[in-house]
Enquirer: 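Quick one: structure below, then a few questions.
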Amino acid sequence: MTEPRWIVHLPTTLTSRAAAAELAAALARSLGHLDAVDFGETTLSEEDAQHLRHRVWCDVRLPGGGRCPLPDGHAGSCGAVELREYR
């Protein structure tokens, strides 16, 4: 049996989903060197609707490791995209 993973909820003062996604990307760029954080699993939710989560990035795992760095629901193939360091 594996140990449970912990989720860190980080409230912000941001008022738009786009701004929250930009903050998530900035955090991923600055903290991407930490193996303890799985930025590919990042989700967003409104403060009063935390049960409704919105995925930030595509969750497709690519050959050779890593995940697709494009936004969730993007058009086109994931494999044609160069991976970012934090993914």
Side-chain angles (χ1 to χ4, degrees):
M1 181 178 248
T2 61
E3 294 290 321
R5 293 178 8 157
W6 288 89
I7 306 298
V8 176
H9 300 276
L10 181 66
T12 72
T13 58
L14 301 171
T15 58
S16 78
R17 185 171 160 186
E22 287 178 29
L23 175 61
L27 289 170
R29 284 190 300 274
S30 65
L31 299 175
H33 64 281
L34 299 175
D35 291 335
V37 182
D38 184 358
F39 287 103
E41 293 289 332
T42 302
T43 58
L44 305 173
S45 66
E46 290 184 33
E47 183 177 24
D48 293 331
Q50 293 184 33
H51 60 287
L52 298 174
R53 304 269 173 131
H54 304 277
R55 183 173 292 285
V56 175
W57 293 289
C58 178
D59 195 34
V60 172
R61 297 246 182 216
L62 299 176
R67 299 174 194 256
C68 173
L70 292 175
D72 186 49
H74 68 84
S77 173
C78 297
V81 177
E82 185 176 317
L83 291 176
R84 295 181 198 159
E85 286 183 22
Y86 62 86
R87 297 308 299 277

Enquirer: Taking side chain to side chain contact (heavy atoms under 4.5 Å, CB included) as the test, write out the residues that go with His9, two or more places apart.
Expert: Ile7, Arg53
Enquirer: Not counting sequence neighbours, which residues clear side chain to side chain contact (heavy atoms under 4.5 Å, CB included) with Ala49? List them please.
Expert: Glu46, His51, Leu52
Enquirer: Verify side chain to side chain contact (heavy atoms under 4.5 Å, CB included) between Asp72 and Val56, making sure each step is shown before the conclusion.
Expert: CA-CA 6 Å; Asp72 186 49; Val56 175; over 6 Å; no
Enquirer: Do Cys58 and Cys78 have side chains that get closer than 4.5 Å, going by heavy atoms?
Expert: yes
Enquirer: Does the side chain of Cys68 reach to within under 4.5 Å of the side chain of Arg61, using non-hydrogen atoms?
Expert: no
Enquirer: Test Trp57 against Thr42 for side chain to side chain contact (heavy atoms under 4.5 Å, CB included), laying out the working first.
Expert: CA-CA 7 Å; Trp57 293 289; Thr42 302; 3.4 Å; yes
Enquirer: Can you name the nearest heavy-atom pair linking Leu27 to Phe39, along with the distance?
Expert: O-CZ, 3.7 Å
Enquirer: Side chains of residues 10-24: which donor-acceptor partners sit under 3.5 Å, not counting sequence neighbours?
Expert:
from	atom 1	to	atom 2	distance (Å)
Thr12	OG1	Leu14	N	3.2
Ser16	OG	Ala19	N	3.0
Arg17	NH1	His54	ND1	3.2

Enquirer: Applying side chain to side chain contact (heavy atoms under 4.5 Å, CB included), can you list everything that pairs with Asp38, at least two apart in sequence or on another chain?
Expert: Arg5, Glu41, Arg67
